[in-house]
Structure formats: C-alpha cells, structure tokens
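Here the structure is laid out as structure tokens; the discussion comes afterwards.
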Amino acid sequence: MKNFGILLIAIDAWGSGFYYQLAYNMALSLKLSYEGIQIAVLTDDKNLKALSNKQKEVFTHIIEVSDDEWLENYKPNPFKLKTKIYKYSPFAETLYLDADGLFLHPQKKIEDLYNELTKSDFQIHEVARYPIERAHQSGMIWTQPKEKEANSFPKLWELYGISDDAEMPETNSSFIFWKKNEANEAYFTMVEHNYNDRRLPFKDIGTSYPDEMAWNISSAQLKHYSAVPNYKPCYLEWDNTTKDLEYISSNYWFMMLASGYQPNKLMTFYDNLVKMHRTTFGDTYSFKFEMLKKIFFRK
C-alpha cells in the first residue's frame, strides 16, 4: 500500500472548525484500522487551527490551496475544489472521501478495501446507469426525466453532445478511487471543465452547483465508468429508513452523512463511533455532529 493514500477536503470558510473536525474524524477511523495509511487533506489553512497538535498527527500531508480554488462569486464552494482533486493528490493510487463520514472500523480492515479497489483503475459510488431510453426511471434530483422539463435527460444529451449509445451514471461523489493514468487524467480534466460549463438549470446545494452533475456528464461524454457497475461502498440515508449499525457495518465500508438532512438515529451512530475512536486514540476533545453547520445550510 506504499503508493496508496486517502484524500480529504477540509475548508473552514465559516469559522467554526466543523469541517476540520469532520476530516479528523474520518482520518482517525482509517488510521485506527491501519496505522501506516497515508492521509492527505486539502485545506484553506496549513495550520488547521481548529485542531490540536495530537489531532493533526493523523494527517501525513496537509496541502493548503489558494482561495480561488474554492471560492466562487466570493462565496465558499468546496465542490469546485473537489473537481480538482486529481492534480492535488500526492499518491499514485488515491481514494477521495467526503469528510462527513466514517470508515467502519473495527468491523472492517482498510487493507481489504484496498485489495478490492486496486483490481481496477477507477471506481466511484454508483447508484445506477441510464441510457437515454430509460431516463424516465432516474431518481436523480439534479436532472429530470420528463422531456418537457428544462433540465431533462434528453436536453442534457443534446446540450452536451452525448452519443445515443452512452449511459448517464447516477453517482455520489463521496467516494472516488483512481489510479494515475492517461484515461483518468482526461476524465478528471473533463470533470473540471464541465463543472464550469453549466448549460442546464440545476438544483443547488446551499448556493453551489452540484459537483455530481460534472462527474455524471463527463462519464457519459467519455464513456468513462466505474469498472464495477452499481458499486455502493457507502451507506447513504435517503429514505428515512435508517438501518441498524450492525446492518450498516456488515454491508458497507463507510457510513456517510451526505445531503442536508439526516435522521437522529444515524447521527447518534456517528457520534458514538467518534467517541469510541477518540477514546482509543487518547483524544479528550468531545464532538457532536450538527447538521446546521453543513454546507447545505450555508446561503
């Protein structure tokens, strides 16, 4: 695993230190599974001032990025930075993770996940794939399946020059694995371009353009897909039917608190795991997940 590393983003433009703590929690859950794991964090503050010196020990690389990489129209937009992760990763094999989640240690081993991932060159958390004729089956909130809608699938195909035999993946960009090679570099370059080339109306996240639009469109344009279709390594709660922690741990590698709303039960799972991890690490700082500090609520 010497060429492999984890990449996180922690931007604290709002001054609470919340995303630094989230990144630390994620990194710690990985570090406790495999002490030698390399973990890099892209941040707006090289000193990660909201973290203690002990907490900062979990990161092997702290990479400060310039403000223009994550600001858009003078407002914080970490999704913009996410489209640039290929060029910032110091690793030959990278697993990017959103900070708002945990590796399910001690139930899982990061070495086993690594062995699973490195069988291929690219994997992203993928819900489904849709050819144009099955667009009406899509549940994506970023685009609409109805042809009369301004942001419909047919309109998307037309405006972005997507070939008729391509498929549009429905992804969640909380989890992206890649190896550095020409095909992946071309894909990530297209993602960055498409994030700024916005040709359709869209549903925003907070005030930001959703990065999933860029990942999905680029995959369809280049026919660059996950090696394993419908690959779902993360537990993501969408339907308010929260499973118990034993089920989540048995069936997923990560628990993610993505989107703007989470059931109290899931946040309690998260807080209890964080408390256990911090106690094991000898960290006396307490933490509580607060939904209102997420980017979804930052207007």
Side-chain angles (χ1 to χ4, degrees), residues 1-10 21-41 54-62 85 89-127 171-180 184 226-237 242-258 266-283 287 289:
M1 293 173 59
K2 65 179 181 179
N3 297 320
F4 172 75
I6 306 295
L7 185 63
L8 308 173
I9 289 177
Q21 291 289 335
L22 291 183
Y24 162 65
N25 291 339
M26 174 63 89
L28 181 58
S29 68
L30 292 154
K31 202 79 172 176
L32 290 175
S33 173
Y34 185 78
E35 186 176 357
I37 190 73
Q38 298 185 84
I39 303 175
V41 59
K54 181 173 180 60
Q55 289 173 331
K56 285 183 277 192
E57 290 176 4
V58 299
F59 301 111
T60 48
H61 302 76
I62 299 174
I85 53 178
S89 174
F91 312 118
E93 301 170 334
T94 303
L95 174 58
Y96 167 81
L97 298 165
D98 278 357
D100 53 358
L102 295 172
F103 181 68
L104 291 167
H105 168 80
Q107 295 89 344
K108 304 286 186 180
K109 293 183 178 180
I110 193 66
E111 302 100 303
D112 294 335
L113 175 60
Y114 171 79
N115 290 334
E116 178 177 296
L117 289 175
T118 52
K119 293 175 183 177
S120 61
D121 289 349
F122 176 77
Q123 290 286 352
I124 191 169
H125 184 102
E126 182 180 281
V127 179
T171 63
N172 182 284
S173 63
S174 297
F175 179 110
I176 309 171
F177 169 78
W178 73 91
K179 295 177 182 177
K180 285 193 172 177
N184 284 332
S226 286
V228 180
N230 303 324
Y231 182 70
K232 301 178 181 67
C234 305
Y235 179 79
L236 299 159
E237 170 59 47
T242 312
K243 303 295 185 181
D244 59 37
L245 190 55
E246 182 178 355
Y247 175 89
I248 296 171
S249 300
S250 298
N251 291 279
Y252 299 90
W253 292 101
F254 293 88
M255 177 180 72
M256 291 291 189
L257 276 67
L266 198 63
M267 290 190 288
T268 298
F269 288 162
Y270 179 93
D271 287 341
N272 288 341
L273 286 172
V274 166
K275 182 178 180 180
M276 179 183 70
H277 295 337
R278 290 189 178 206
T279 299
T280 301
F281 191 56
D283 179 358
F287 179 84
F289 193 93

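Not counting sequence neighbours, the partners of Thr268 by the side chain to side chain contact (heavy atoms under 4.5 Å, CB included) test are Asn272.
Ala258 and Asn172 make their closest contact through CB-ND2, 4.4 Å (heavy atoms, listed as atom of the first residue, atom of the second, distance). Scanning all heavy atoms of the two residues, the minimum distance from Asp121 to Asn184 falls at O-ND2, 3.1 Å. Across Ile9 and Ala99, no two heavy atoms sit closer than the pair O-CB, 3.8 Å. The minimum heavy-atom distance linking Leu97 with Leu8 is given by the pair O-CD2, 3.4 Å.
At least one side-chain heavy atom of Arg278 sits less than 4.5 Å from a side-chain heavy atom of Tyr24. A 4.5 Å side-chain heavy-atom check between Leu95 and Tyr114 finds every atom pair outside the cut-off. Side-chain contact between Leu245 and Tyr235 is absent, with no heavy atoms from C-beta onward closer than 4.5 Å. At least one side-chain heavy atom of Leu273 sits less than 4.5 Å from a side-chain heavy atom of Met255. No side-chain heavy atom of Leu236 sits under 4.5 Å from any side-chain heavy atom of Phe175. Contact of the Leu22 side chain with the Leu257 side chain is not registered, since no non-hydrogen atoms from C-beta on lie closer than 4.5 Å. At least one side-chain heavy atom of Tyr231 sits less than 4.5 Å from a side-chain heavy atom of Leu117. Put simply, the side chain of Phe269 does not reach to within 4.5 Å of the side chain of Phe289, judged on heavy atoms.
With hydrogens and angles ignored, the 3.5 Å screen pairs no side-chain donor or acceptor of Ser29 with any backbone N or O of His105. Although no hydrogens or angles enter the test, the distance criterion places a donor-acceptor pair under 3.5 Å between the side chain of Thr60 and the main chain of Ile39. Panel note: side chain Lys232, backbone Val127; a donor-acceptor pair is recorded below 3.5 Å. Under the 3.5 Å distance criterion, the side-chain polar atoms of Asp244 are matched with a main-chain donor or acceptor of Glu246. Within the 3.5 Å criterion, the main-chain N or O of Glu111 finds a donor-acceptor partner in the side chain of Asn115. Thr171 contributes no side-chain N or O that, together with a main-chain N or O of Ser173, makes up a donor-acceptor pair within less than 3.5 Å. The main-chain N or O of Glu93 is never found under 3.5 Å from a side-chain atom of Asn3 such that the two would form a donor-acceptor pair. Under a 3.5 Å cut-off, the side chain of Lys109 and the backbone N or O of Ser33 do not form any donor-acceptor pair.
Rounding to the nearest 0.5 angstrom, the gap separating the NZ atom in Lys31 from the CD atom in Gln38 is 8.0 Å. Rounded to the nearest 0.5 Å, atoms OH (Tyr34) and CG (Leu113) are 13.5 Å apart. Taking CE from Met276 and OG1 from Thr279, the interatomic distance works out to 9.0 Å, rounded to the nearest 0.5 Å. Within the model, atoms OG of Ser89 and OH of Tyr96 stand 12.0 Å from one another, a figure rounded to the nearest 0.5 Å. Between the CG atom of Asn25 and the CG atom of Asp100 there is a distance of 11.0 Å, given to the nearest 0.5 Å. We find the CD-CD distance between Gln123 and Glu116 to be 8.0 Å, quoted to the nearest 0.5 Å.
You'll find the ring centres of Phe91 and His61 inside the 6.0 Å limit.
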**OP:** Walk me through it: do Ile6 and Met26 pass the test side chain to side chain contact (heavy atoms under 4.5 Å, CB included)?
**Re:** CA-CA 10 Å; Ile6 306 295; Met26 174 63 89; 5.7 Å; no
**OP:** In sequence, state the C-alpha distance, the side-chain angles, and the governing distance for His125 and Phe254, and then conclude on side chain to side chain contact (heavy atoms under 4.5 Å, CB included).
**Re:** CA-CA 11 Å; His125 184 102; Phe254 293 88; over 6 Å; no
Original post:
Is there a side chain to side chain contact (heavy atoms under 4.5 Å, CB included) between Phe103 and Leu32 once you walk through the steps?
Top reply: CA-CA 10 Å; Phe103 181 68; Leu32 290 175; over 6 Å; no
Original post:
Thr118 and Phe177: side chain to side chain contact (heavy atoms under 4.5 Å, CB included), yes or no, with the steps?
Top reply: CA-CA 9 Å; Thr118 52; Phe177 169 78; 3.9 Å; yes
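Evaluated for a side chain to side chain contact (heavy atoms under 4.5 Å, CB included) with Leu28, the options Val58, Val274, Leu102 yield exactly one hit, Val58.
For Lys54 and Phe281, the positive end sits near the middle of the six-membered ring, less than 6.0 Å away and at most 45° from its axis.
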